[in-house]
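Presented below is the structure to which this report refers.
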Amino acid sequence: MRRRLELAVSLALLASVSLQARIGSAQPADTGAAPDPRAEARQRFDRGLALYESADYTGALAEFQRAYELTQHPLVLYNVALVQAKLGDAIGAVNALEALKAGGLAQLGRERAVRAEQVYADQLLRVGTVSLRCNVAALTAQIDNVDVDLRAPLRLTSGQHLLAIFAPGYAPRHIAFSVLGRAHKTMEVELTPIAESLSRLQLTSDVPDVEVQDSGQLLGKLPFHGPLMLAPGKHELEFSREGYGVERRSVVALPGDNGTLHVPLHATTADGRLQLRLSEANAVISVDGRPSLAGASGLSLPHGRHALRVQRAGFFEVNREVVVPPAGATTLDLQLLPTPEYLAHYVESAKRQRSTAFITGGSGLLTLAGAGAFLLWNQGQKNRAKRAFDDFASEVESLPGGSCSTAACDAQLGVLLDSL
């Protein structure tokens, strides 16, 4: 709840839009006007806050980062750091908080400044550095299958990592190593020359966290961010993940060749369960790229990490990484957010329906009961609509900044105003 209040305050500081301004925005906008960065920042925060409330922290982080690009406000960067820490991205949180400490920490206020220092000290305990010494200068280095520059010390989260090194005319190396928090590690690696050029193999699988081994040597976990570099010759690749059957492939790598290999894995156990509570019916659910039916009993899945996608026409697509425990069930409440186009279509459709009802219903009433009866009925409808709008408007005015801070609030206010 505390973090939600911080995000709401950030929104109020970024885009203090009054209730009257929001009512005015219901009028058609000038299509020739330039986009308002502050308006986009507010919309990004609205969506980010809704995603945060539904525990979609990855999606929320992307929206908050975009809002920071638009505003460069220190309080937004502070909230970005909190979400990164929540996600376990200690490096991202440390980098964001160091940018705050360099300039902008004083603008947070005493309470938040103290907390920022506490979060920074805590996240630093989860960060170490690594550097490389190698007999070859022109090389490509990857850590956990991501290209990195090791000419200067590189920050890494504490724990186990995998270093891969490739260079033209040399056999590739794969080395597992560990990093301690607030400690530095220097990797010394020597590459062996070979006469032929390396082969590139793009590996994919629908299932995440699949370990790839070559003749017993760990090469990494899928998904890879780039092609796997192989020395020319025959390779015995093995693909495994707990809860799935082991897949093996024999690959003959040719010098300078480029290839692709997709390896589907088939579940052998379903010791975990995923239950979904969706805000919208008739949604399409995919787990690890495969369409599934989420009944009342949920989905039976192997334990571990899975890629979840929920799609519904007229709503933003939801992509989540979920971790299913080996026993019991994981329950997710997913709030699907309507797209601006869908909301516009909905409002326009509602207007047409009301206009049709007014014409046909009004004509029938005038014919059956006369103009007096219709006017009395219409006045009652108007009074109820006005009361509903006034009550909601009073609630909005009592909020920090006197304005809506969520997409749902904006939508409700628009519907009530349109009804009135």
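- One finds no salt bridge joining Glu117 and Arg115 here, because no Lys/Arg side-chain nitrogen approaches an Asp/Glu carboxylate oxygen to under 4.0 Å.
- Taking the charged nitrogens against the carboxylate oxygens, Asp149 and Arg151 do have a contact shorter than 4.0 Å, which makes a salt bridge.
- Although no hydrogens or angles enter the test, the distance criterion places a donor-acceptor pair under 3.5 Å between the side chain of Asp89 and the main chain of Gly92.
- Ion pairing of Asp209 with Arg305 is present here, as a side-chain N (NZ or NE/NH1/NH2) and a carboxylate O approach within less than 4.0 Å.
- At a threshold of 4.0 Å, the pair Glu40-Arg66 counts as salt-bridged, since one of the basic side-chain nitrogens sits closer than that to a carboxylate oxygen.
- For the pair Arg47 and Phe316, the cation-pi test (distance below 6.0 Å, angle within 45°) is passed.
- Sorted by first then second residue, the ring-ring contact (aromatic ring centres under 6.0 Å, His included) pairs that include residues 121-174, not counting sequence neighbours, are His161-Phe177, Phe166-His174.
- Counting non-hydrogen atoms of other residues, nucleotides and ligands closer than 6.0 Å to CD of Glu317 gives a total above 12.
- In terms of modelled atom types and a separation under 3.5 Å, the side chain of Arg173 and the main chain of Glu190 share a donor-acceptor contact.
- Heavy-atom minimum distance, Ser131 versus His184: OG-NE2, 3.0 Å.
- Interatomic distance, Leu201 CG to Met229 CE, rounded to the nearest 0.5 Å: 10.5 Å.
- You'll find the side chain of Arg249 stays beyond 4.5 Å of the side chain of His235, heavy atoms only.
- Between Tyr244 and His306, the ring planes are tilted. Angles from 30° to 60° get that label.
- Put simply, the side chain of Asn135 gets close to the backbone of Leu191: a donor and an acceptor are under 3.5 Å apart.
- The main-chain N or O of Val263 is found under 3.5 Å from a side-chain atom of Ser205 such that the two form a donor-acceptor pair.
- Between the side chain of Thr330 and the backbone N or O of Val324, no donor-acceptor pair lies under 3.5 Å.
- Annotation: salt bridge (Lys or Arg N to Asp or Glu O under 4.0 Å) contacts involving residues 118-128, sequence neighbours excluded, comprise Asp122-Arg126.
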**Item:** Candidate pair Arg112 and Leu105, rule side-chain contact (heavy atoms from CB on, under 4.5 Å), full reasoning
**Value:** CA-CA 9 Å; Arg112 291 192 182 92; Leu105 197 62; over 6 Å; no
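- Separation of atoms CD (Glu63) and CZ (Arg44) is listed at 5.0 Å; rounding is to 0.5 Å.
- Qualifying ring-ring contact (aromatic ring centres under 6.0 Å, His included) partners for Tyr68, counting only residues two or more places apart in sequence or in other chains: none.
- Counting only heavy atoms from C-beta outward, the side chains of Gln107 and Leu75 never approach each other to under 4.5 Å.
- A salt bridge is defined here as a Lys NZ or Arg NE, NH1 or NH2 lying under 4.0 Å from an Asp or Glu carboxylate O, and Arg309 with Glu321 fails to meet this definition.
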